[in-house]
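A short worksheet on the structure shown next.
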Amino acid sequence: MAQLELAASSKTFRPEGSKLSQQNEQEFIKVRVEKTASLRQKGIDPYPTSYKRTHTSRQAEEVFEVAEKKNEEFTETIKVAGRIMGRRGMGKASFIDLSDTDGRIQVMMRSNVLDEDYEILDDLDIGDWIGAEGTLFRTRTGQITLQVATFSILCKSLRPLPEKWHGLTDVETRFRQRYLDLISNEDAIKTAKDRSLLVSTIRQFMTKKGFIEVETPMLVPIAAGGMAHPFTTHHNALNRDLYLRIATELHLKRLVVGGIEKVFEIGRVFRNEGVDLQHNPEFTTLESYEAFSDYNDVMSMVEQLVSTAAITLNGSETVRYGEEELDFSPPWPRIDLREKIIQVSGIDFFEHPEVDSLKTAMRAADIDVSQQVSWSGLLDKLISDKVEPTLVQPCFLVNYPVAMSPLAKKSPADDRIAERFEGFVCGMEICNAFTELNDPIDQRARFEEQEMLRQEFQNEEMDRLDEDFLVAIEHGMPPTGGLGIGIDRLAMLLTDNSSIREVILFPQLRSDRTEG
RNA sequence: GGGCCGGUAGCUCAGUUGGCAGAGCAUCGGACUUUUAAUCCGAGUGUCGUGAGUUCGAAUCUCACCCGGCUCACCA
């Protein structure tokens, strides 16, 4: 317990008025380090090992209200703990706002109750963590408040928090020092929690359907399973270059070959490409593979999954996103890709099987094709420019050209078309799925085609031939429906965020001067 | 990568025609035993993103660079 004389002597640690003239960030810290020393002088450990609270802020409020409803006086002694977010000193009484995991609670410290311990308040600052024990009452203004009998400091902070009223708005600081964002902005913490809830909802949904969750390598010898520029790395002991995976697809399909008929992975993939509102170099995907299913089965699963997530996060299948009111309730419209392209641009890709012909048609439709060289690159651009912006409400574009779908099975009805679909919401692609190609001869031919195209068009990413994967499916993969969902984008849609950086706790940013 | 906008105190922001660097919160000193953006009295905030240049004089004008935002291109 603190001694008055020690408390008095601690004043000598304080800078006198004249020394305050240099106050800046370092001075803030210096003052707080001195307060830390002052606490130690009083025999108080500013960094104790634990504190056993009995109630969170919300639990305390609830238990008090229950007693009130029964017209009982609340006499129970409880313990709460949290970070000091505000303090209002009244001389011989002080009100302190504590913030904890599920809310805030006000605690009241009175000098006649705490005696000499009241002096310890001199060494507390906004940002410090404390635990407080006492009983609950309502103040004159009706605020449920803990009347503190004893309290402990749990952690002394050395840096000031952002301002209490405006909080932290600087976007760069919000992303670089996310903890400050989480402390200051309720939206930030809500988005973080909602994303977590989304992922656990997806996991439960898949598990309930009998899917087995697995983890596959992130360090891979060939970055296959998608069209993207990979990150390169090197393993010293093995003395080999490796890549960070760009997709989980080919490993998961190996597992289907192995007899895991329903398998999924939620994990990070890495693409060494541009960064913008919808792209972060590392992002999270759900990929799933289900034997004896085709892309139609996968479509119904996606509708169910996303509408379930919408209900879990927002309590409704209808979700507000910016100006839009999105309705995720199944079924989502199935829109034939070829028909849709014809409708919005007049271009029928069946009539333009050659690069030059398609390019000419697109140029005639006033599309900038200066950056594209391959047929699939051109068609992708056509879809991005003309079709995607029209897809606001959740829908599926179905039946893609085989030429741009090297891992998808051809339609039995037309060998130019693959049984593939992509899901779109607000013009944003949220998933890509197909009836998996399990004919190993065809798959090898498609990979070889991709390798050839990469040689021809060095600027465009193509899928890569993965011999090990081909050997796997040569052992026989049953008919399989596969799916990839961008979790980050789904999180954006369900948390009403227009930037992927808002749903990733630590998004990739350029280096700044504070980095080593 | 291109275009546009921005970077001033720990935080939120002003800063006029180029003429001593400002406010609120936070901090520090003092008063105050039911406050809650507490209040009242008093005090100090600083690499004006960085570096050059123009000028008697630059937060302000010019150039280069760094970081961020939006946007276009590319990608998912």
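Just so it is clear: chains get the letters A, B, ... in the order the sequence lines come, proteins before strands, and each one is counted from 1. Just the heavy atoms: all of them, side chains too, but no hydrogens, waters or symmetry mates, feed the values below.
For RNA chain B, the residues of residues 156-167 of chain A within the heavy-atom distance limit of 4.0 Å (strictly under) are A:Pro160, A:Pro162, A:Glu163, A:Lys164, A:Trp165, A:His166, A:Gly167, sorted by number. Within residues 102-114 of chain A, the residues that have a heavy atom under 4.0 Å from RNA chain B are, in order of number, A:Gln106, A:Met108, A:Arg110, A:Ser111, A:Asn112.
Partners of A:Glu282 by salt bridge (charged side-chain N to carboxylate O under 4.0 Å, His left out), not counting sequence neighbours, listed by chain and number: A:Arg268. In this structure A:Arg32 satisfies the side-chain hydrogen bond (donor to acceptor under 3.5 Å, both in side chains) test together with A:Ser157, sequence neighbours excluded. Applying the salt bridge (charged side-chain N to carboxylate O under 4.0 Å, His left out) criterion to A:Lys190, with sequence neighbours excluded, gives A:Asp194. Every residue was checked against the salt bridge (charged side-chain N to carboxylate O under 4.0 Å, His left out) condition with A:Glu419, not counting sequence neighbours, and none meets it. Every residue two or more places apart in sequence or in another chain that forms a salt bridge (charged side-chain N to carboxylate O under 4.0 Å, His left out) with A:Glu303 is listed here: A:Arg334. Under the side-chain hydrogen bond (donor to acceptor under 3.5 Å, both in side chains) criterion, A:Gln393 pairs with no residue, sequence neighbours left out. Remark: A:Glu287 engages A:Thr248, A:Tyr289 in a side-chain hydrogen bond (donor to acceptor under 3.5 Å, both in side chains) (not counting sequence neighbours). With sequence neighbours excluded, no residue forms a side-chain hydrogen bond (donor to acceptor under 3.5 Å, both in side chains) with A:Lys164.
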Output one line per pair: protein atom, nucleotide atom from nucleotides 70-73 of chain B, and distance, for all N/O pairs under 3.5 Å.
none

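The stretch residues 497-508 of chain A participates, sequence neighbours left out, in these salt bridge (Lys or Arg N to Asp or Glu O under 4.0 Å) pairs: A:Arg174-A:Glu502.
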